[in-house]
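Numbered from 1 within each chain, the chains take letters A, B, ... in sequence-line order.
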Amino acid sequence: MGENILGIKKTVKIGIIDCNNFYVSCERVFNPISVGKPTVVLSNNDGCVIARSQEAKKYGIKMGEPFFSKREFMEQKDFCIYSSNYNLYGDMSDRVMNVIRKYTNTIEVYSIDECFVDFSDTPDDELEDKMNQIRDEVKRQVGIPVSIGVGPNKTLAKLTSYLAKKTISYSGVCSYWSSKEFQKKLLDVKIDEVWGIGRKWSDKLNIYGYDTVGKFIGMDDNIIKKWTNINGLKTKMEILGMYCHPIENKIKQKKVLASTRSFGSDVNSFDQICEAMHYYIERGVKRLTDAHITPSSATIFLSGNRYKDNHHSSVYITFNRQTKDIKEIWSQVYVHLRELYDDEKVYKKCGIIFNKLFPEDIEQINLFEQEFIEIEAPKNEIKMWAMRQDYLSKKYTSSWDEIPVIRF
DNA sequence: TCTGGGGTCCTAGGACCC
DNA sequence: TCTGGGGTCCTAGGACCC
């Protein structure tokens, strides 16, 4: 190997390792009864489907489908249904990544269920062995099945992985260089399947007939730039074999941290909004503390049901100093929340987004620091806003009380 | 009456990702 | 009845400066 279909020399080998149906696979490790049965995992509030087993996909259950519209069908077909259990998934994700780290020094954890790795130093004739080893060891040690695609850049690694999954003979690992036939097939992939081309852009491209990878790379650069932005053009360049998106080996400093939730039911009381907002602040501060960062400003927002009365209001708050103190944050948030809240409206969601995050050892001095008037925290007793989780599995890996017990 | 040009910074909105 | 949450980045436009 060495050249791709367009005659460009290969210089790097980027792998994408992603967990198959990740949330479903996590549930199955601890609930083997679900293996072989159609299985889904639901979003917060048991709102919509966010993960599906192969069996569920065969029944036509779509990603993002509202649960209520398919609930009866799923019960009839004896589906296994789970509320999302992020404690479990986060922990399983760490375990998967740690196994992969034994095989490579260059890894970018791209999301909870996938990572990019650099295989450039692996000789061509050892690559497939190595990919198989990783896949087997993750399965053996963590119990999660993964797929691996490798190509000259991230976009082509993703495309390789996508196409391989659609191919029956595929056994979990696949290389861009495995055959010229394979590379030709990439040109027929629908444009909306390409990493970096989302719904809005693919709609526009489809209207003008640029509906496949092959047609997209034939487009004029300036047109692409005009219809999308610089990243759309980078996507074309990567499909042509250029290397535009390097692997981010270091953990990136977060720029914002959001803590928000939809309510379990509609809310039209200020006291309940306060309870919810205070709770989200507590959760957000916990995550700020874990990440060793401190905010100096935040945006709070209140919004209605986006499928009914789609109202939204927000306010940007600069704290009197950089702070992680819940009382201090609450006292400043409360004043603005009071102003934002409208008695006439019904709310479905609220939250806080912390901005201007600094590492906790760097203190930003504010010359005009003011004292704050402390506002009492709301009493947590109504909880109409609390989210629904009717199908929650246990914290098998992160709570001593819920560790699975094996009986002989 | 006529009303520059170039630069930075900030924000809102909209696209993308999982 | 019931429709997720948490991110990043780009661009346009306004404020402000000289």
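For the pairing with A:Ser83, the side chain to side chain contact (heavy atoms under 4.5 Å, CB included) check across A:Val41, A:Asp46, A:Asn45 returns one residue only, A:Asp46.
In this structure, the nucleotide among B:dC16, B:dC18, C:dT3 sitting nearest to the side chain of A:Trp195 is B:dC18. Checking B:dC18, C:dT3, C:dG6 against the side-chain heavy atoms of A:Glu114 singles out B:dC18 as nearest. Residue A:Lys348 has its side chain nearest to C:dT3 when only C:dT3, B:dC18, C:dG6 are considered. Nearest nucleotide to the side chain of A:Lys349, out of C:dG5, C:dG7, B:dC18: C:dG5. For A:Leu257, whose side chain is taken as the heavy atoms from C-beta onward, the closest listed nucleotide among C:dG6, C:dG7, B:dA15 is C:dG7.
Stacking of A:Phe67 onto the six-membered ring of C:dT3 is not present when judged by under 5.5 angstrom between centres and under 30° between planes.
Between A:Ser34 and A:Arg28 the shortest heavy-atom distance is OG-NE, 3.0 Å.
The OH atom of A:Tyr396 lies 8.0 Å from the CG atom of A:Asn85; values are rounded to the nearest 0.5 Å.
Proximity of the aromatic rings of A:Tyr208 and A:Trp227 is defined here by a centroid distance below 6.0 angstrom, and this criterion is met.
B:dC16 atom C1' lies 15 Å from atom CD of A:Glu193, rounded to whole Å. A:Leu288 has its CG atom 12 Å from the P atom of C:dG6, to the nearest Å. Note: CG (A:Asn45) to C1' (C:dT1) measures 13 Å, nearest angstrom. Across the protein-nucleic acid pair, A:Asp192 atom CG and B:dA15 atom C1' stand 16 Å apart, rounded to whole Å. Put simply, CD1 on A:Ile352 is 16 Å from P on C:dG5, counting in whole angstrom units. To the nearest angstrom, P of C:dG6 lies 18 Å from OH of A:Tyr110. One atom, NZ of A:Lys70, and another, C1' of C:dT1, lie 18 Å apart when rounded to the nearest Å. As rounded to whole Å, 13 Å separates atom P of B:dC17 from atom NZ of A:Lys200.
Using a 4.0 Å heavy-atom criterion, one finds that A:Arg261 contacts the sugar-phosphate atoms exclusively. The residue A:Lys308 sits close only to the backbone: its heavy atoms come under 4.0 Å of sugar-phosphate atoms, none of a base. Residue contacts shown for A:Val194 are limited to sugar-phosphate atoms, with no base heavy atom under 4.0 Å away. A:Lys158 comes within contact range of the sugar-phosphate backbone alone, with a heavy-atom separation under 4.0 Å but no base atom that close. Heavy atoms of A:Ile197 sit under 4.0 angstrom from primed sugar atoms or phosphate atoms, though from no base atom. At a threshold of 4.0 angstrom between heavy atoms, the contacts of A:Ser84 with the nucleic acid are absent. Using a 4.0 Å heavy-atom criterion, one finds that A:Glu65 contacts no nucleic acid atom at all.
For C:dG5, one of the phosphate oxygens OP1 or OP2 lies less than 4.0 angstrom from a side-chain nitrogen or oxygen of A:Ser262. Residue A:Arg388 places none of its side-chain N or O atoms closer than 4.0 Å to OP1 or OP2 of C:dT1.
One C1' atom belongs to C:dC17, the other to B:dG4, and the distance between them is 14 Å to the nearest Å.
Across all strands shown, B:dG14 forms a Watson-Crick or G-U wobble pair with C:dC9, both key distances being under 3.5 Å.
Of the two residues near DNA chain C, A:Asp266 and A:Asn44, the one whose nearest nucleotide lies more 5' is A:Asp266.
Geometrically, A:Arg261 does not engage A:Tyr280 in a cation-pi contact defined by less than 6.0 Å to the ring centre and at most 45° from the axis. Figure legend: cation-pi geometry between A:Lys130 and A:Phe119 absent, as NZ or CZ is not positioned both under 6.0 Å from the six-membered ring centre and within 45° of its axis.
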Look for any protein N or O under 3.5 Å of an N or O in nucleotides 8-12 of chain C and output each such pair with its distance, or none.
unit_1	atom_1	unit_2	atom_2	d
C:dT8	OP1	A:Lys255	N	3.2
C:dC9	OP2	A:Lys255	NZ	3.2

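With a 6.0 Å radius and a threshold of 12 heavy atoms from other residues, nucleotides or ligands, A:Tyr279 has its OH atom at or below the threshold. Under a cut-off of 6.0 angstrom, the local environment of CG in A:Asn105 is sparse, with at most 12 non-hydrogen atoms contributed by other residues, nucleotides or ligands.
Side-chain N/O atoms of A:Ser269 and A:Asp271 include no donor and acceptor closer than 3.5 Å.
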